[in-house]
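All values reported here derive from a predicted model rather than from experimental measurement.
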Amino acid sequence: MNNAQIADILDAIASLLELKGEERFKVVAYQRAARAIALHPKEMVLALKEGDDLRAIPGIGKSIAEKIEELVRSGRLEYFEELKAQFPPGVTELLHIPGVGPKTALKLVQELGVTSLEELEAAVADGRVAGLPGLGAKSAENIERRLRELRAKERRIPLGAALPIAEELLAGLRQVPGVRQASAAGSLRRFRETVGDIDLMGTADDPPAAIAAFVALPQVKAALAQGPTKATVLVHSGLQVDLRLVEHQDFGSLLQHFTGSKEHNVALREWARRRGYSVSEYGIAEIASGRVHHFQREEEVYRFLGLQFIPPEIREARGEIELAARGALPRLVEADDIRGDLHAHTDWTDGQDSLEAMVRAARERGYAYLAITDHSVGRGITNGLSVERLREQRKLLQSVEQQVGGIRVFHGTEVDIRADGTLDYPDEVLAELDVVVASLHSALQQPAERMTERVLRALANPHVDVFGHPSARLLGERPPVELDWEAVFHQASRTGVALEINASPGRLDLKDVHVSRARELGCRFLVNTDAHAARHFAAIRYGVGVARRAWCESQHILNSRPLAEFEDFLYHRQVVSGL
DNA sequence: GCCGTTTTCGGCCCGACTGTTTTCAGTCG
């Protein structure tokens with residue numbers, strides 16, 4: 001049983017307790033515990049095996065720790081089974097409908113015997129829902145609409161699709177006279193890998209005029225709602241965007257509030273409350289006197305509470321507030337720290353731009369180094385390089401490096417890890433290269449055990465420097481491979497192979513939680529774009545966002561290190577080979 | 001059920017919206 005499954009059960013318990021009418025705080029305790037487990041980098045199975053005290057995890061106490069132990073040990077939880085038995089199966093499904101909470105769900109179950117979305121649909125259609133006490137025609141109508149929406153799309157948009165749209169809208173908004181502040185908020189600002197919608201915040205001298213200008217932007221397909229200080233629009237990609245404008249003096253508090261996460265805000269407010277303050281989106285009130293403090297800038301909100309500024313990417317209620325109080329937050333790596341990209345393709349294989357164009361683009365970004373890593377021979381579909389072409393490419397690379405100047409260009413490969421864990425070039429060819437990125441591209445359906453053996457074998461090859469896009473997932477299109485991550489991270493840590501944080505917006509691979517765990521185990525990382533065109537280098541920020549969400553500092557990210565130090569990694573690291 | 005800068009007991013974030021309510025409950029972010 002993995003953490004995600006445990007978290008699901010804890011969430012289900014919370015829902016059942018809600019239905020039961022249990023005290024709200026007990027419900028919240030289970031919801032918090034579920035989230036804590038879902039975000040916990042180390043698998044519970046392993047934590048228990050190693051004798052960790054689960055109560056050290058914020059939100060986990062004696063009672064829930066025991067339940068997790070029972071779940072891990074036996075695969076089931078008596079308490080959960082008993083709770084489930086008290087309700088018709090499927091009733092918690094109703095809670096997934098926005099607008100339907102425990103009270104409404106219980107009413108639907110008890111009065112109408114509805115236990116599934118299908119039955120609910122029927123009950124709405126024949127008017128039984130509208131006839132319930134406390135509900136009316138309007139409620140039934142809303143439920144019907146929400147049911148439809150739930151079916152149509154329960155999909156979130158990849159960060160890489162949403163962020164450019166948000167930035168275009170913000171640029172448009174900033175052109176409007178009188179607009180002084182404009183920023184994205186929400187999960188987009190926290191760099192979550194997918195977002196449900198886009199939240200924008202701003203201040204304007206004349207809010208209604210700014211709102212009017214906003215809904216008239218060319219990106220806007222339709223305005224769903226438009227008030228004097230708020231607008232909700234659809235953009236052409238179908239994404240929903242909310243804009244909210246406030247007084248200049250309150251922008252800091254507003255941005256803080258709407259950036260979230262919800263759990264971070266709850267933790268922050270509890271923390272403040274214990275010190276006599278009440279925090280809301282309108283400012284910070286002194287509880288004793290009622291005096292309210294206003295903040296134009298978000299930094300001031302945290303400073304007022306005696307906290308270091310907490311970067312949005314780590315606002316997830318994972319202990320960041322306590323660290324900020326002690327002034328002990330990590331110095332997260334920044335996009336400007338990145339000095340080179342170690343995974344790039346050219347038109348020698350499936351890239352769009354020439355080798356020279358790629359090198360020039362990297363130098364223009366101010367990079368000190370770049371690796372050209374075209375595909376290996378077995379990737380026929382990408383025109384993978386034969387050994388002869390690979391060697392030919394090196395000659396060109398050396399002359400381009402000289403011509404362009406000011407940037408070190410490494411010759412590398414993105415070599416296929418074959419189904420049996422061998423690599424797609426012989427060792428003596430790999431030995432000629434500066435950088436070897438080993439990646440999975442085929443036979444991605446292997447069962448976990450086989451896939452793990454395959455990867456461990458590949459990482460044991462002393463020529464391999466980097467494990468490329470380790471899970472091979474494509475966001476929203478292809479699931480990650482089945483892999484014993486713990487074993488892989490241990491292997492990478494031992495052999496010194498760097499794990500790639502692939503910044504390509506369709507991948508974001510490794511993902512944040514895995515990066516956290518690998519970092520704990522002593523792994524180091526490369527944030528690479530896997531650029532297939534010069535313009536793709538700009539995607540580096542998505543990968544940096546993942547690294548930041550995993551609390552990575554510059555020391556963890558090898559390609560944020562100066563050239564000399566990076567060459568130490570390539571040429572002089574202690575290579576441990578063998579399985 | 002969790003937790004501790006008043007506390008091992010008695011608290012537990014805050015405000016807005018919606019619908020159905022004649023003063024508020026339920027739900028959401």
Side-chain angles (χ1 to χ4, degrees), chain A residues 10 13-37 54-68 79 83 94-108 129-143 145-146 185-187 190 195-197 199 201 225 227 229-230 232 240 242 244 246 250 253-254 256-285 287-288 292 301 305-307 315 317 319 321-322 325-326:
Chain A
L10 294 175
I13 290 174
S15 298
L16 290 167
L17 292 175
E18 243 182 325
L19 288 171
K20 233 183 131 181
E22 270 285 357
E23 212 194 336
R24 192 169 62 88
F25 299 112
K26 190 167 168 178
V27 174
V28 169
Y30 274 96
Q31 287 170 340
R32 280 188 189 183
R35 193 178 149 84
I37 298 303
L54 302 187
R55 287 174 302 180
I57 303 169
I60 309 293
K62 182 166 178 292
S63 172
I64 294 183
E66 285 171 2
K67 291 188 171 68
I68 293 172
Y79 177 71
L83 264 178
L94 302 183
L95 294 174
H96 295 150
I97 307 164
V100 175
K103 296 293 195 298
T104 310
L106 205 59
K107 208 178 282 181
L108 291 168
V129 170
L132 283 176
L135 298 178
K138 200 89 178 197
S139 300
E141 212 175 278
N142 280 338
I143 288 175
R145 196 183 67 241
R146 292 285 168 63
S187 51
R190 302 200 313 278
V195 302
D197 62 3
D199 293 307
M201 308 286 136
T229 62
K230 263 178 68 172
T232 300
Q240 185 175 312
D242 291 327
R244 189 180 305 256
V246 286
D250 290 325
S253 284
L254 184 87
Q256 195 287 319
H257 173 76
F258 280 102
T259 295
S261 67
K262 180 177 184 289
E263 289 75 10
H264 171 83
N265 285 350
V266 169
L268 184 72
R269 287 164 179 199
E270 285 176 347
W271 196 88
R273 172 158 274 277
R274 287 198 292 276
R275 286 155 184 81
Y277 297 107
S278 173
V279 177
S280 82
E281 59 266 52
Y282 301 107
I284 298 179
I287 293 172
V292 178
V301 175
L305 293 170
L307 300 171
R315 295 183 195 170
I321 292 167
E322 292 71 18
R326 302 207 315 265

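Residues A/T104 and A/P133 both approach DNA chain B. Their nearest nucleotides, taken by heavy-atom distance, put A/P133 toward the 5′ side. Comparing A/Y277 and A/G101 along DNA chain B, the residue whose closest nucleotide (by nearest heavy atom) sits nearer the 5' end is A/Y277.
Rounding to whole angstrom units, CD1 of residue A/I287 and P of B/dT6 are separated by 12 Å. Whole-Å rounding puts the A/H264 NE2 to B/dC13 P distance at 15 Å. In this structure, CD of A/E18 is placed 11 Å from C1' of B/dG26, rounded to the nearest angstrom. Counting to the nearest Å, the P atom of B/dC13 and the CD atom of A/E270 are 4 Å from each other. Across the protein-nucleic acid pair, A/K138 atom NZ and B/dT27 atom C1' stand 17 Å apart, rounded to whole Å. Here the P atom of nucleotide B/dG1 and the CD1 atom of A/I37 are 16 Å apart, to the nearest Å.
Looking only at side-chain heavy atoms (C-beta outward), A/R190 and A/S187 come within less than 4.5 Å of each other. A/R273 has its side chain within reach of A/I287: a pair of non-hydrogen atoms, C-beta onward, lies under 4.5 Å apart.
With distances taken from any side-chain atom of A/Y79 to the nucleotides B/dG1, B/dC12, B/dG15, the minimum falls on B/dG1. Across B/dG1, B/dG15, B/dC14, the shortest atom-to-atom separation from the side chain of A/Y30 is found for B/dG1. Checked against B/dC28, B/dC13, B/dC2, the side chain of A/R32 finds its nearest nucleotide in B/dC13. Side-chain proximity of A/H257 to the nucleotides B/dC2, B/dG29, B/dT27 is greatest for B/dG29. Taking the side chain of A/A29 as heavy atoms from C-beta on, and the options B/dC14, B/dT27, B/dG1, the nearest nucleotide is B/dG1. Listed candidates were B/dC13, B/dG1, B/dG19. Nearest to the side chain of A/K26 is B/dG1. Closest to the side chain of A/K103, out of B/dT27, B/dG19, B/dG15, is B/dT27. Ranking B/dG26, B/dC13, B/dT18 by closeness to the A/N142 side chain, first place goes to B/dT18.
A donor-acceptor contact under 3.5 Å links the side chain of A/E23 to the base of B/dC12.
A donor-acceptor pair under 3.5 Å is formed between the side chain of A/R269 and the backbone N or O of A/V279. Without hydrogens or angle criteria, A/K107 side chain to A/P133 main chain gives a donor-acceptor distance under 3.5 Å.
The nucleotide B/dT8 finds no pairing partner, because no Watson-Crick or G-U wobble arrangement with both distances shorter than 3.5 Å includes it.
A/S139 has a side-chain polar atom (N or O) that falls below the 4.0 Å cut-off from OP1 or OP2 of B/dT20.
Nucleotides B/dC9 and B/dC14 have their C1' atoms positioned 25 Å apart, rounded to a whole Å.
Surrounding CZ of A/R274 are more than 12 heavy atoms belonging to other residues, nucleotides or ligands, all under 6.0 Å away.
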Distances under 3.5 Å only, N/O to N/O: pair up the protein atoms with those of nucleotides 3-5 of chain B.
unit_1, atom_1, unit_2, atom_2, d
B/dC3, OP1, A/G59, N, 2.7

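Here A/R35 pairs with A/E263 in a salt bridge; the nearest charged N to carboxylate O distance falls below 4.0 Å.
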